[in-house]
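Below is one structure; the comments refer to it alone.
Letters A, B, ... are given to chains in the order of the sequence lines, protein chains preceding strands, and every chain is numbered from 1.
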Protein chains: 2
Amino acid sequence: MSTTLTVDTALPETLDSSSSVYELIRDDIISGRLGANERLKVADLAERHGTSTNPVREALQQLRGEGFVVMTPNRGARVRAMDEDFIRDIYEIEVLIEPALTRWFVRIVTDADIAVLEGMQAEMERLNYADPVRHGELDTLFHHYMYDRHYNRHAVDLWWKHREILKAMSRRHPTSLARRVAVLREHRQLLDDIKAQDADKAAATIGRHVEGSGRHIIEQMGAARRNSARLR
Amino acid sequence: MSTTLTVDTALPETLDSSSSVYELIRDDIISGRLGANERLKVADLAERHGTSTNPVREALQQLRGEGFVVMTPNRGARVRAMDEDFIRDIYEIEVLIEPALTRWFVRIVTDADIAVLEGMQAEMERLNYADPVRHGELDTLFHHYMYDRHYNRHAVDLWWKHREILKAMSRRHPTSLARRVAVLREHRQLLDDIKAQDADKAAATIGRHVEGSGRHIIEQMGAARRNSARLR
DNA sequence: CTTGCAAAGATTGTACATTATCTGCGGTGG
DNA sequence: CCACCGCAGATAATGTACAATCTTTGCAAG
């Protein structure tokens, strides 16, 4: 048998069945159902989610703290615009953080870890680009597995928060086949670097990988924007 | 005349005269008046700040979003512990971000900018280590001036948020004379690198600078902790 | 000493009052 | 006649009071 390891590593589920108001609004924002700079009225949201105003107000405050919502005194809340600039900002930070996290992973990796990652990689390759959604899940899972045990929880949390935004973005702007091919190639390269215990090379590889993904999403966003402008 | 430029660049003031409940609680947390893991009861805080419970609840939610407060359902809010590990996490991220911000600054710097930075440096040197508080202010101002115009607002906001925490920490654990000497030397080195238009060298210098400051604060925190443990 | 239950205490949700901002209309001056 | 100012009504955010629900705590019984 080849490396046909079944991956059961669960990602931390952000929205359970009985989602809170906070999670619902947050999802509406990052999924784009609530457009950029859209006004968020507490009364509307309260009615929309079948609750009173207080839970909504608290949810908005939390979202403000996380940067998803912008509030001005006595003038209410608006959705933080998730435009190309914002995504570029996020990716530029990830290009700095992910190599550092990867560098550490190379130092503590075990044979068992490599087997797990190989398993994910094998499943992605077995998909043969047929299921983009599963492809994206496995991509996230691959990175998550490497970073999850890192001692710098603040950095990992930051990575995860960024990743959730980017996941939502790539759901709206699907990943091209060419990009998915590149992802596989880069993960394979990364695995080789890890097995060779070459932390510097692995860091450089993941840097290019993140940079490539970022560039791709931004290109997709730009294309979509120009297209919608043409139709207007 | 020598470089006796008066620095009037204002830092964004975080707490104005009529501070909101949010700012008051936030200050109590990062200044240490509210200890690590301390329970935050809405009724207490409301009475303490002469308001009703709702503003307090919303402030706590915002602080939760920013990571200063940890909340568990039906069990209320607690202060996020700002221990040595947390500070180390922050510094490790800054070691990644600040060099990137600096690299960009080197590319866009003008003669006027250099004059301003020289002015700050001159004032720090003129202080001759007499006024630690002003020294810290100028240190922050120096970095702030370099990063303020950067296009990546997300990165700059992150830097600033981290900086505010670190400022509060170094207020509790004063900066040693040796460290202040090192800061001056490193800033001077950085100015030289900038003037030489050597972005790589400037990035490396600021990396060492941030790393050194981080190490110093953590050492101070450890010393204080061991000292208080001895007295107990 | 452990277990269970009841009362106290705290969080979460609802209803309402207050205060500020936005909107549309009419009047006034150029 | 048109532009601008100001004022009232509407609309929405902010603050207060209170009810409902969950957790904790202390005491008594087994």
**Item:** salt bridge (charged side-chain N to carboxylate O under 4.0 Å, His left out) evaluation trace for A/Glu164 with A/Arg26
**Value:** CA-CA 11 Å; A/Glu164 284 195 298; A/Arg26 185 175 182 280; 2.7 Å; yes
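For B/His154, the ring pair (Phe, Tyr, Trp, His ring centres under 6.0 Å) test picks out A/Phe86, A/His162, with sequence neighbours left out.
Atom CD in B/Glu47 sits roughly 15 Å away from atom C1' in D/dT16 (whole-Å rounding). One atom, CZ of A/Arg78, and another, P of D/dA12, lie 12 Å apart when rounded to the nearest Å.
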Enumerate the protein-to-nucleotides 7-9 of chain C contacts in which both atoms are nitrogen or oxygen and the separation is below 3.5 Å.
none

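The six-membered or imidazole ring of B/Trp159 lies away from that of B/His150, with a centre-to-centre distance of 6.0 Å or more.
Atom-to-atom distance recorded for B/Glu92:CD and B/Ile97:CD1 is 12.5 Å, nearest 0.5 angstrom.
Residue contacts for A/Leu60: at a heavy-atom cut-off of 4.0 Å it reaches no nucleic acid atom on any strand shown. Nucleic acid contact for B/Asn74: sugar-phosphate only, since backbone atoms but no base atoms lie under 4.0 Å from a heavy atom of the residue.
Salt bridge A/Asp139/A/Arg134: absent, no basic N to carboxylate O contact under 4.0 Å.
Nearest nucleotide to the side chain of B/Thr51, out of D/dT16, C/dT12, D/dT24: D/dT16. Of all nucleotides listed (C/dC22, C/dG13, D/dG15), C/dC22 comes nearest to the side chain of A/Arg75.
Looking at A/Met221 and A/Arg226, their side chains never come closer than 4.5 Å, going by heavy atoms from C-beta outward.
Distances shorter than 4.0 Å separate some side-chain N or O of B/Ser52 from OP1 or OP2 on D/dT16.
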